[in-house]
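Since the structure comes first, as structure tokens, the remarks are kept for the end.
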Amino acid sequence: FSIFDLVEYDYYILLENLLKNKDFDVNKVILYDNKKDKKFEKTAIYVAIEKEYLDVIKLLLTNEKLNINCVNKVTELNFKTDEWNDDWYDDDEFRFRETRETPIFLAIKRENIEIIKLLLSDKRSIDLNCLHLCVYKSIYEDDNENIDSTDAFDDKDDYYTEENYGVRKYEKKTALFLAAEKQNLEIVKLLIENESIDPNVINIIRDQNLQETDGNDDYYNITVLYYLVSGHLHITLFNYDKGLDFEIMKLLLSNEKTDVNIINYLNKRDYEGGDCFIKNETALFAAVENECVKKVPKLDIIELLLSNK
């Protein structure tokens, strides 16, 4: 049995005995490629979180050699997920997703509070501020794209520039950004109260549609605070609760490290003559701009930001 098998099938006692071997590599990367529609590079702790095996996670955390910040890579083709809005895509397209993420990011995706608390309480220094990569692509069959294109995006911030794609989305975001995106107050509170958190990390979102009609190319370099103040910038595909956003803003501002004066960068291009602009603005400017167009402005967010010292 490999460590992958022991974790995958919850063979606790066998795993416990294996971890007693001081020469055993608990961080060994498990490689898998079915040569069709899925390949991954995962570690044991990542798989345990995927399976939500709490006892196995606790056991792995007892190993002093465990790398709690290991990056895991998963590539999938033709997958089904609620992260897509199915009305946007046709049946003659296939879908590609590649993620590179740490164990804490996966736990937040699953919104498993027990696992998140376990990871945050570990004596090792957990990196809450790294950017996690997620690339989505919707590609037309008649573009003759090589479907095994797992290296279509590199590790740089530059976006892949080939022009034979339909819809694609590129994200680099922190654990805190994901928690705010999910509007999970409990998780945001756990993260914002952690002494290692940096609430001012710039997250990168690029949303591009290269179809001939209604094309767009939107690029955002933004903080979590700006994302919430601006009303999610149409990035989020699910409905969101403005009241929860306000509570999350209050949590962010409760951390003295949160800087309300950071300049956020937005670049929007519409191929069909719609809104095109480049903006460099603070969260307060966005809040004022949002309320100025309303017949009955609400001042709660503006007042909240102005109260920050």
**OP:** Identify the two heavy atoms, one from Val224 and one from Ala180, that lie closest to each other, and give their separation to 0.1 Å.
**Re:** CG1-CB, 3.6 Å
Original post:
How would you list, by chain and number, every residue that makes a salt bridge (charged side-chain N to carboxylate O under 4.0 Å, His left out) with Glu41, sequence neighbours excluded?
Top reply: none
Original post:
Among side-chain atoms of Thr258 and Asn255, is any donor-acceptor pair under 3.5 angstrom?
Top reply: no
Could you give the side-chain donor-acceptor pairs of residues 51-59 under 3.5 Å, partners two or more places apart or in another chain?
unit_1	atom_1	unit_2	atom_2	d
Lys51	NZ	Glu8	OE2	3.3
Glu52	OE2	Asn112	ND2	3.0
Tyr53	OH	Glu8	O	3.3

**OP:** For Asn203 and Thr223, indicate whether the former's side chain and the latter's backbone hold a donor-acceptor pair under 3.5 Å.
**Re:** no
**OP:** Taking the side chain as every heavy atom from C-beta outward, state whether Asp218 and Asn267 have any atom pair closer than 4.5 Å.
**Re:** no
Original post:
Excluding sequence neighbours, so at least two apart, what forms side-chain hydrogen bond (donor to acceptor under 3.5 Å, both in side chains) with Lys279?
Top reply: Glu289
Original post:
Could you give the distance from CD (Glu98) to OG1 (Thr75), rounded to the nearest 0.5 Å?
Top reply: 4.0 Å
Original post:
Are any of the side-chain heavy atoms of Ile204 and Tyr170 separated by less than 4.5 Å?
Top reply: yes
Subject >> Closest contact, heavy atoms only, Thr174 versus Asn129 >> reply: CG2-O, 3.8 Å
**OP:** Apply the side-chain hydrogen bond (donor to acceptor under 3.5 Å, both in side chains) test between Thr43 and each candidate in Thr102, Asn67, Asn72; give the one that qualifies.
**Re:** Asn72
Original post:
Considering residues at least two apart in sequence or located in another chain, which fulfil the salt bridge (charged side-chain N to carboxylate O under 4.0 Å, His left out) criterion with Glu247?
Top reply: Lys250
Original post:
Does Met249 reach the side chain of Leu304, with side-chain heavy atoms less than 4.5 Å apart?
Top reply: yes
Original post:
Is there a path from Leu60 to Leu120 through hydrophobic residues (I, L, V, M, F, W, Y) whose side chains come within less than 4.5 Å of each other?
Top reply: yes
**OP:** With sequence neighbours excluded, tell me which residues meet ring pair (Phe, Tyr, Trp, His ring centres under 6.0 Å) with Tyr32.
**Re:** Phe40
Original post:
Is it true that Lys42 and Glu50 have a side-chain N and a carboxylate O under 4.0 angstrom from each other?
Top reply: yes
Subject >> Salt-bridge contact Glu101-Lys109 (side-chain N to carboxylate O under 4.0 Å) >> reply: yes
Subject >> Listed partners of Lys65 passing side-chain hydrogen bond (donor to acceptor under 3.5 Å, both in side chains), at least two apart >> reply: none
**OP:** Would you check if there is a donor-acceptor pair between the side chains of Glu281 and Tyr265 at a distance under 3.5 Å?
**Re:** no
Original post:
Heavy-atom distance under 4.5 Å between the side chains of Ile278 and Leu266, does that happen here?
Top reply: no
Subject >> Leu252-Phe285 co-clustered via ILVMFWY side chain contacts under 4.5 Å >> reply: no
Original post:
Is a side-chain donor or acceptor of Asn264 paired with a backbone partner of Asn280 at a separation under 3.5 angstrom?
Top reply: no
Original post:
Which heavy-atom pair separates Val201 from Asp198 by the least distance, and what is that distance?
Top reply: CG2-O, 3.4 Å
**OP:** Using a 4.5 Å cut-off on heavy atoms from C-beta on, say whether the side chain of Leu225 contacts that of Leu253.
**Re:** yes
Subject >> Charged N-O contact under 4.0 Å between Arg206 and Glu171 >> reply: no
**OP:** Kindly indicate, with the supporting measurements, whether the criterion side-chain contact (heavy atoms from CB on, under 4.5 Å) is fulfilled by Ile49 and Leu119.
**Re:** CA-CA 10 Å; Ile49 293 171; Leu119 295 174; 3.9 Å; yes
Original post:
Looking at Ser125 and Ile68, what are the two nearest heavy atoms and their distance?
Top reply: O-CG2, 4.1 Å
**OP:** Name all pairs fulfilling the side chain to side chain donor-acceptor pair (under 3.5 Å) condition that reach into residues 297-308, sequence neighbours left out, sorted by first residue then second.
**Re:** none
Original post:
Do you know which two heavy atoms are closest between Ile187 and Asn184, and how far apart they sit?
Top reply: N-OD1, 3.1 Å
Original post:
At what distance, to the nearest 0.5 angstrom, does CG of Asp245 lie from CD1 of Ile301?
Top reply: 7.5 Å
**OP:** Examine Ile113 and Leu128 and state if one hydrophobic cluster contains both, with Ile, Leu, Val, Met, Phe, Trp and Tyr joined whenever side-chain heavy atoms are less than 4.5 Å apart.
**Re:** yes
**OP:** Keeping to residues at least two apart or across chains, list the salt bridge (charged side-chain N to carboxylate O under 4.0 Å, His left out) pairs with something in residues 253-267.
**Re:** none
Subject >> Any residue meeting ring pair (Phe, Tyr, Trp, His ring centres under 6.0 Å) with Tyr11, in chain and number order, not counting sequence neighbours >> reply: Phe1
Subject >> Carboxylate-amine/guanidinium proximity below 4.0 Å for Lys20 and Glu16 >> reply: no
Original post:
Is the closest side-chain heavy-atom distance between Leu14 and Leu18 below 4.5 Å?
Top reply: no
**OP:** Might you work through the side-chain contact (heavy atoms from CB on, under 4.5 Å) test for Lys173 and Phe105, ending with a clear yes or no?
**Re:** CA-CA 10 Å; Lys173 54 192 180 186; Phe105 197 79; 4.2 Å; yes
**OP:** Report the residues that fulfil side-chain hydrogen bond (donor to acceptor under 3.5 Å, both in side chains) with Glu291, sequence neighbours left out, ordered by chain and then residue number.
**Re:** Lys294
**OP:** Not counting sequence neighbours, which residues clear side-chain hydrogen bond (donor to acceptor under 3.5 Å, both in side chains) with Arg110? List them please.
**Re:** none
**OP:** Please tell me if the side chains of Phe24 and Ile3 come closer than 4.5 Å, counting only heavy atoms from C-beta onward.
**Re:** yes
Original post:
Would you say Phe277 and Tyr220 are hydrophobically clustered, going by side-chain heavy atoms of ILVMFWY under 4.5 Å?
Top reply: yes
Original post:
Taking ILVMFWY side chains as joined if any heavy atoms are under 4.5 angstrom apart, and letting links pass through other members, which residues group with Val71?
Top reply: none
Subject >> Step-by-step side-chain contact (heavy atoms from CB on, under 4.5 Å) determination, Leu61 to Arg124 >> reply: CA-CA 9 Å; Leu61 288 172; Arg124 280 159 287 224; 3.9 Å; yes
Original post:
Side-chain heavy atoms under 4.5 angstrom apart, residues restricted to Ile, Leu, Val, Met, Phe, Trp, Tyr: same cluster for Val29 and Ile45?
Top reply: no
Original post:
Name the one of Val260, Val229, Ile302 that satisfies side chain to side chain contact (heavy atoms under 4.5 Å, CB included) with Leu284?
Top reply: Ile302
**OP:** Enter the distance from Cys70:SG to Lys73:NZ here, rounded to the nearest 0.5 Å.
**Re:** 15.0 Å
Subject >> Non-hydrogen side-chain atoms of Leu15 and Asp10 separated by less than 4.5 Å >> reply: no
**OP:** First locate atom CG of Leu176, then atom CG of Leu191, and finally report the distance between them rounded to the nearest 0.5 Å.
**Re:** 6.0 Å
Original post:
Measuring from Ile262:CD1 to Ile202:CD1, what's the distance to the nearest 0.5 Å?
Top reply: 5.5 Å
**OP:** For side-chain contact (heavy atoms from CB on, under 4.5 Å), just list the numbers for Lys172 and Arg100, CA-CA rounded to whole Å, side-chain angles, deciding distance to a tenth of an Å, and then say yes or no.
**Re:** CA-CA 9 Å; Lys172 276 191 172 182; Arg100 299 180 194 180; over 6 Å; no
Subject >> Value rounded to 0.5 Å, distance of CD in Glu186 from CG in Leu251 >> reply: 11.5 Å
Original post:
Going by an N to O cut-off under 4.0 Å, is there a salt bridge joining Lys169 and Asp207?
Top reply: no
Original post:
So, for Tyr227 and Phe177, is the gap between ring centers shorter than 6.0 Å?
Top reply: yes
